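None of these values were measured; they are calculated from a predicted model. Below, chains carry the letters A, B, ... as their sequence lines are ordered, and counting in each starts from 1.
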There are 2 protein chains.
Amino acid sequence: MISISQPEMKTQKYPTIRDVARRAGVSVATISRFLNASAPISPETAMRVKQAMEELKFTPHPIARNLATRRTNTIGLLMPDIGRSFYTPMLREIEAMASTAGYDLLIHSTSPMNSPQSRRRALTEHNTDGLLVFIDALDSDELRHLRAIGFPVVLMNKTPPDGLDFPMVTIENQTGTSRMIEHLITVHNRKRIIFLQGPVGNEDSREREQGYRLALSNHHIPFDPNLVARGCFDTQRAFDATRQLLEKNMSFDAIFTGDDDSAVGVMDALKSAGLDVPRDVSVVGFDDSVFARLITPSLTTVQSPIEQVGREAVTQLLHLIRGEASQARTALPVKLVIRESCGCR
Amino acid sequence: MISISQPEMKTQKYPTIRDVARRAGVSVATISRFLNASAPISPETAMRVKQAMEELKFTPHPIARNLATRRTNTIGLLMPDIGRSFYTPMLREIEAMASTAGYDLLIHSTSPMNSPQSRRRALTEHNTDGLLVFIDALDSDELRHLRAIGFPVVLMNKTPPDGLDFPMVTIENQTGTSRMIEHLITVHNRKRIIFLQGPVGNEDSREREQGYRLALSNHHIPFDPNLVARGCFDTQRAFDATRQLLEKNMSFDAIFTGDDDSAVGVMDALKSAGLDVPRDVSVVGFDDSVFARLITPSLTTVQSPIEQVGREAVTQLLHLIRGEASQARTALPVKLVIRESCGCR
DNA sequence: CTGAAAGCGCTTACAG
DNA sequence: CTGAAAGCGCTTACAG
């Protein structure tokens, strides 16, 4: 084993603004002004400062600056599982927008491995200038505290509890779902449509279920609770749920899977039971994940403008941080993407 | 438009350690000791301090602590494009491990929108305790500077330039590729195998190409430069590249696509030209992305232990940060995943 | 255009 | 077990 030891790592002394000041023969205030262009300084002085900084390979210390200015130039993102690929495009947008606006992104993912304590340490009101909250289970007390001190927070896909007036950004879950269900009813003449729910308490899922019921009632189809099961937005769970439905000999002619991940599990279960999609059963998803067009049959689904959600959330957060007016609720429109799994083509 | 204005955001005064000290009737040093359990304090004092903290809803200020301790408890990650879903599982592992070790994760993605200046601001030696570098194009000068001051840096899938002895973590690109090519040769009797390169300068791709050549020479198949094209690890680019190959009437019986994203483009191009995969042309990828098993035909590919790369990189970085010995080079083993697109089954 | 000094909110020897 | 004081590396009125 070849090993490397870091030489004098702890004893390393970085040059500070004082070292630069000494070398350039000016005061630290002048260095600070040069760094921030916060006041005019004479060209000759500027030259000397510049040279001193280069000679010393000086890099300003952001932490010290943060403490002095009481700003962090950092946006915090609290998200459920950074490992779910569905969120990735949203992450990209958030990162890009934050960066463009001069903010860094501090990400904290609420995986089972991450304790609430670690979150408390990571994302307080002190080391970010604002918080993007994208999780189902948030601590009301903490939110109330953040609201009380006027800390900028934007909620994503989640209505604020107890009327706390944080801006929220979401998508048109209900409309999107009801239109998809109506497509199944009117175009494909489906009547017994399974609805697979997401994780318990998930607001997206609840809204989608409302859309489902709305579409049924619009077409005078009675709601049948036996047609509702739980897929948890998870391939394996959705597979199991579908299996159970089949074992119970439940009769149905379509499945709204809740999300695209679930659709994969649902299709697998149907195929392994000898059923043909879409001939025997129409299958539709929600999200339009990258793989939706790649699977066979290609998946009819609802396109979720997740990038736009990311952008809009950052926009609102920047408004809050800057003390500008913000939008209480933004619901981004969705779009049906009709492919083969519903029966079209 | 309903608008919310944040009340007295800027004027808000957070309680500090001094306020707590005053309220509890002790010194700030005692509060600090309570906070960090850095020295024994009497039970009665502890009670008073605890109560004072709760009454004031005091939250310690990490920035101030960082400045005083000269540690940030933050790990920086420099990555090419946070939006590529292939990286997501790796991100999850990095975040989880960092968090478990008590570190936050500061992510900076080098999208076209992010200037080098913003990176310079975001991830200096001052606001992280160590850096994970996962990009092709890194600034040698900056790396040299970081090495000179003994700053902890671990390189991912990239050999350090100029013999700078940063630890690196990578995967067995060459072995994985050569074994896959040999599978095509020995099991499916393929002889004219296209090799699609990744982006210019990409080290993974270069190593894979070496594996490709090695396998050919092991089986006495002469290397034909006409069989090498560039897919850039991108679906559309790979589609175009395949199109061109077909237009040139190049004869081939297999394609190593470079990565899985490219495989999707390659298959589309082949299908639209009326060719059957795998009967006419074997197609194999690299990565084993989530969709590899979902497409038709299912994709034979090389499984890239990307999560393990993330874990290993954090492990090495923690070693550096703690001043412990570290591994100069770690190459994680890969595994062939044989599905249908090569011609098996 | 420039400098001296106080302050941001903590930690940490040092002394007791 | 506890306190007074210096210090972390910056910024920012204030004065000139």
Side-chain angles (χ1 to χ4, degrees), chain A residues 10-50 52-53 56-74 121 124-129 149, chain B residues 10-50 52-53 56-74 121 124-129 149:
Chain A
K10 294 296 170 192
T11 59
Q12 186 69 43
K13 248 303 203 183
Y14 298 109
T16 75
I17 205 177
R18 287 192 54 188
D19 300 318
V20 179
R22 190 152 32 218
R23 186 169 201 112
V26 296
S27 73
V28 295
T30 299
I31 308 298
S32 175
R33 282 164 192 139
F34 177 87
L35 243 29
N36 302 293
S38 53
I41 65 180
S42 78
E44 310 88 74
T45 312
M47 277 314 304
R48 288 220 309 286
V49 171
K50 190 152 183 260
M53 284 186 14
L56 294 171
K57 286 178 187 287
F58 168 78
T59 309
H61 198 130
I63 300 286
R65 184 181 296 191
N66 291 344
L67 185 59
T69 58
R70 311 189 51 49
R71 300 189 62 215
T72 66
N73 297 310
T74 299
R121 171 177 48 71
T124 71
E125 57 269 34
H126 296 310
N127 52 4
T128 61
D129 292 347
I149 63 176
Chain B
K10 293 296 168 194
T11 60
Q12 185 69 43
K13 249 303 203 181
Y14 298 108
T16 74
I17 206 177
R18 289 192 53 187
D19 300 318
V20 179
R22 191 151 32 218
R23 186 168 200 111
V26 296
S27 73
V28 295
T30 299
I31 308 298
S32 175
R33 282 165 193 139
F34 178 88
L35 244 28
N36 302 293
S38 53
I41 65 180
S42 77
E44 309 89 73
T45 311
M47 279 313 305
R48 289 219 311 286
V49 171
K50 192 156 184 253
M53 284 187 12
L56 294 171
K57 287 177 187 285
F58 167 78
T59 309
H61 198 129
I63 301 286
R65 183 181 296 190
N66 291 344
L67 185 58
T69 58
R70 313 188 50 50
R71 299 191 61 216
T72 66
N73 296 310
T74 299
R121 170 177 48 70
T124 71
E125 58 269 34
H126 295 310
N127 52 4
T128 61
D129 292 347
I149 63 177

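Summarising the geometry, the separation between CZ on B:Arg65 and P on C:dT11 is reported as 5 Å, rounded to the nearest angstrom. Distance NE2 (B:His61) to C1' (C:dG7): 13 Å, rounded to an integer number of Å. Going from atom OH of A:Tyr14 over to atom P of D:dC8 covers 15 Å, rounded to whole Å. Rounded to a whole Å, the CD1 atom of A:Ile63 is 15 Å from the C1' atom of C:dT11. Rounded to whole Å, atom C1' of D:dG9 lies 13 Å from atom CG of A:Asn36. Summarising the geometry, the separation between CD on B:Glu44 and P on D:dC1 is reported as 10 Å, rounded to the nearest angstrom.
On the P atoms, C:dG9 is 23 Å away from C:dA13, given to the nearest whole Å. Taking atom P in both C:dA5 and C:dC1, one finds a spacing of 24 Å when rounded to whole Å.
The side chain of A:Thr30 lies closest to C:dG3, out of C:dG3, C:dC1, D:dA4. Comparing D:dT11, D:dT2, C:dC8 by their closest approach to the side chain of A:Arg70 singles out C:dC8. Set against D:dT11, D:dA4, D:dC1, the side chain of B:Ser42 has D:dC1 as its closest nucleotide.
By the side chain to side chain contact (heavy atoms under 4.5 Å, CB included) test, B:Ala68 is found to be paired with no residue, residues two or more places apart in sequence or in another chain being considered. Every residue two or more places apart in sequence or in another chain that forms a side-chain hydrogen bond (donor to acceptor under 3.5 Å, both in side chains) with A:Thr45 is listed here: A:Ser42. The side chain to side chain contact (heavy atoms under 4.5 Å, CB included) test applied to B:Lys57 returns A:His145, not counting sequence neighbours. Residues meeting the side-chain hydrogen bond (donor to acceptor under 3.5 Å, both in side chains) test with B:Arg22, sequence neighbours left out: B:Asp19.
Within residues 17-24 of chain B, no residue has any heavy atom under 4.0 Å from DNA chain D.
Residue-level contact check: A:Ser38 touches neither bases nor backbone, having no heavy atom under 4.0 Å from any strand.
Listed by first and then second residue, the salt bridge (charged side-chain N to carboxylate O under 4.0 Å, His left out) pairs that reach into residues 27-42 of chain B come to none, sequence neighbours excluded.
An OP1 or OP2 oxygen of D:dT12 is reached within less than 4.0 angstrom by no side-chain nitrogen or oxygen of A:Ser32.
Side-chain polar atoms of A:Thr72 and A:Asn66 form no donor-acceptor pair below 3.5 angstrom.
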Contacts table for residues 23-31 of chain A: side-chain donor-acceptor under 3.5 angstrom, sequence neighbours left out:
unit_1	atom_1	unit_2	atom_2	d
A:Arg23	NE	A:Glu55	OE1	2.4
A:Arg23	NH2	A:Glu55	OE1	3.2
A:Ser27	OG	A:Ala29	N	3.4
A:Ser27	OG	A:Thr30	N	3.4
A:Ser27	OG	A:Thr30	OG1	3.4

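No side-chain heavy atom of A:Leu56 sits less than 4.5 Å from a side-chain heavy atom of A:Tyr14. In this structure, the side chains of A:Met53 and A:Leu35 come closer than 4.5 Å at one or more pairs of heavy atoms.
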Can you give me the N/O atom pairs linking the protein to nucleotides 13-16 of chain D at distances under 3.5 Å, or say none if there are none?
unit_1	atom_1	unit_2	atom_2	d
D:dA13	N6	A:Arg33	NH2	3.0

field: Strand DNA chain D as a dot-bracket string - pairs counted if Watson-Crick or G-U with both distances under 3.5 Å, | where the partner lies in another strand
entry: |||.||||||||.|||
